[in-house]
Amino acid sequence: MSSDLNTTYYDASRNDDTRYPHLSGNVAADIAVIGGGFSGVATALTLAERGYSVVLVESRRIGAGASGRNGGQVIAGISGEAAIARQLGDDGRRMVREIRYLGHDIIQRRIAAYEIACDYKSGWMEAAAKPSHMDMLRAHVDESHRDGCDLEIVEPERMRDVLGTDAYHGAYIDRRSGHVHPLNLLLGEARAAARLGVKIFEDSPVVEFSGGARPFARTAHGRVDAKSIVLAGYSDHAFQRGRLNGLLFPTGSYIIATEALSEATVRALNPQDLAVADSNIVLDYFRTSADRRILFGGRCNYSNRDPKDLIAAMRPRLIEIFPQLKDVRIDYAWGGRIDIVITRVPAIGRLEPNVYFMQGYCGHGVNATHIAADIVSDAICGTMERFDLFDKIKHVRLPVGRWAGNQMLALGMLYYRLRDKL
Ligand SMILES: Cc1cc2nc3c(=O)[nH]c(=O)nc-3n(C[C@H](O)[C@H](O)[C@H](O)COP(=O)(O)OP(=O)(O)OC[C@H]3O[C@@H](n4cnc5c(N)ncnc54)[C@H](O)[C@@H]3O)c2cc1C
């Protein structure tokens, strides 16, 4: 059993143990991508598919960040859609509609094209944590129907047909969304990128980068010269400069994985094998792994301080939802950082004409990173329409350091957590 913040169930069930070299000496490429999570790997792969030469530099190992340790829920759309519509009007609404399942499509196309074994399953459900939340879910379903999406309402009295718990008060199901082993998806995409010629370097933290006439990214032992730089995903505090200053606040989210359960048990808990998230702001999320473990996550810690004992912190909530699991063993417990932006709209833009950034998916990154990668790759290729819309979004910046910002965020989220409980 492992209960530290690093050993994940995903690591223990990875199906690719490739080690990429560390960067030593000078290399040149069209594009230098910094970060080996979904943002970076999906961007590198997209650009390689379009014929660009790409170098990707990762400070630790591919998937060491949020992309290799998340809930694996492939959720429609991006966070902050309401803010996009408010700020950008019809153009924003149209874009949100058009990109809602773009990440899903990219992921599924790649799984097929590159034969990536990552246990992709269709079916995602948002469950009403309180009776009053059903109004909100019904309104969402009605609006989605107007946009041509096919979501199904589960009436409160039918909840037992879809979940072995009385904890929820109705739900909706999105059959186009679903769940996946995120690390194996990412490793498969990295493998595909490498096959297309992307040079991947691990254990190579970038310590300096610049745009201008001669863009570069530098590590302790090497340097990449490129025409454009992409800051892909949450990176060091030192990189949060210029327009990124005061924008991003990393917060903790945690997952426990039970021992492998019997077929009969998982069928009784989650007969349609759905990924589930509840409707609270500070939400729980869970799904069943391919080897029949319940992966149960949530309880975002907005102050950015990790609980001392993750199993003790997470298990009571699992048992509250599924009392029948009170005697099961917890085999893994881990956490990761979710990058929160106050407006909730992912930050996609440029620091300089040839330095792009993409980060701040607010816990909806599996789909959204692939959307962002497509948008940034389009911009690099000269198609600016969707990129320019994101670039126009006015973000709220907290003019304080990250620690103070996290305390302010924690206070705000405490309010929501109390409201969720009422
Ligand atoms: C516990 C948890 C559960 C989540 N659950 C879900 C979910 O179910 N569904 C969903 O859609 N989203 C979920 N998310 C969010 C999702 O995982 C992220 O939004 C997404 O993975 C972000 O991908 P990324 O590539 O932008 O960042 P990351 O995956 O964090 O990648 C950034 C990479 O950059 C590297 N790096 C940082 N600094 C440097 C540097 N100086 N030089 C080189 N490399 C550097 C890091 O090592 C890291 O590998 C969850 C997140 C967490 C933490």
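One-based numbering, in listed order, for ligands and for the atoms of each.
Each of the atoms 9 (N), 10 (C), 11 (O), 12 (N) of ligand 1 lies under 4.0 Å from some heavy atom of V366. Close contacts of ligand 1 with G35, meaning ligand atoms under 4.0 Å from a residue heavy atom, involve 33 (C), 34 (O), 35 (C), 44 (N). Heavy-atom proximity to S67, at under 4.0 Å, picks out these atoms of ligand 1: 20 (C), 21 (O), 22 (C), 23 (O), 24 (P), 25 (O), 28 (P), 29 (O). Heavy-atom proximity to V57, at under 4.0 Å, picks out these atoms of ligand 1: 43 (C), 44 (N). Close contacts of ligand 1 with I34, meaning ligand atoms under 4.0 Å from a residue heavy atom, involve 42 (N), 43 (C). Shown in contact with I338 at under 4.0 Å from a heavy atom are these atoms of ligand 1, numbered in order with element: 51 (C), 52 (C), 53 (C). The ligand atoms of ligand 1 that sit less than 4.0 angstrom from a heavy atom of G336 are 53 (C). Applying the 4.0 Å criterion to heavy atoms of R337 picks out, from ligand 1, the atoms 53 (C).
Between R60 and ligand 1, at least one pair of N/O atoms sits closer than 3.5 Å. The N/O atoms of N367, backbone and side chain alike, include none that comes under 3.5 Å of an N/O atom in ligand 1. At least one N or O atom of V206, backbone or side chain, sits closer than 3.5 Å to an N or O atom of ligand 1. Between N70 and ligand 1, at least one pair of N/O atoms sits closer than 3.5 Å. Checked by distance only, ligand 1 and G365 come closer than 3.5 Å through their nitrogen or oxygen atoms. On a distance-only criterion, A66 and ligand 1 share at least one N/O pair closer than 3.5 Å.
For atom 10 (C) of ligand 1, the choice among A217, G71, G363 with the nearest heavy atom turns out to be G363. Of all the listed residues (A368, G233, S39), S39 holds the heavy atom that lies closest to atom 25 (O) of ligand 1.
Neither side chain, S279 nor Y168, offers a donor N or O lying under 3.5 Å from an acceptor on the other.
For E189 (side chain) and A42 (main-chain N/O), no donor-acceptor pair under 3.5 Å exists by modelled atom type. In terms of modelled atom types and a separation under 3.5 Å, the side chain of S289 and the main chain of R293 share a donor-acceptor contact. No donor-acceptor pair under 3.5 Å is formed between the side chain of E115 and the backbone N or O of A112.
Ligand 1 lies nowhere less than 4.0 angstrom from a heavy atom belonging to Q359.
Ring planes of H370 and F38: tilted class, angle from 30 to 60°. Taking the six-membered ring for Trp and thresholds of 30 and 60 degrees, Y9 and H181 have ring planes inclined between 30 and 60 degrees apart.
For the pair R344 and F249, the NZ or CZ position fails the cation-pi test of under 6.0 Å to the six-membered ring centre and within 45 degrees of the ring normal.
Only side-chain heavy atoms of T369 come within less than 4.0 Å of ligand 1; its backbone N, CA, C and O stay farther off. Only backbone heavy atoms of R69 (N, CA, C or O) come within less than 4.0 Å of ligand 1; its side chain stays farther off. Here E58 has heavy atoms under 4.0 Å from ligand 1 in both its backbone and its side chain. Neither the backbone nor the side chain of W334 has any atom closer than 4.0 Å to an atom of ligand 1 (non-hydrogen atoms only).
G360 approaches L248 most closely through the heavy-atom pair CA-CD2, 3.6 Å. Closest approach of N367 and I75 over heavy atoms only: ND2-O, 2.9 Å.
A salt bridge does not link R350 with D391: none of the charged nitrogens is closer than 4.0 Å to a carboxylate oxygen. The pair D203-R61 does not count as a salt bridge, with every side-chain nitrogen at least 4.0 angstrom from each carboxylate oxygen.
A ring-centre distance under 6.0 Å is found for F286 and F322.
Counting heavy atoms from C-beta on, the side chains of V198 and L45 never come closer than 4.5 Å.
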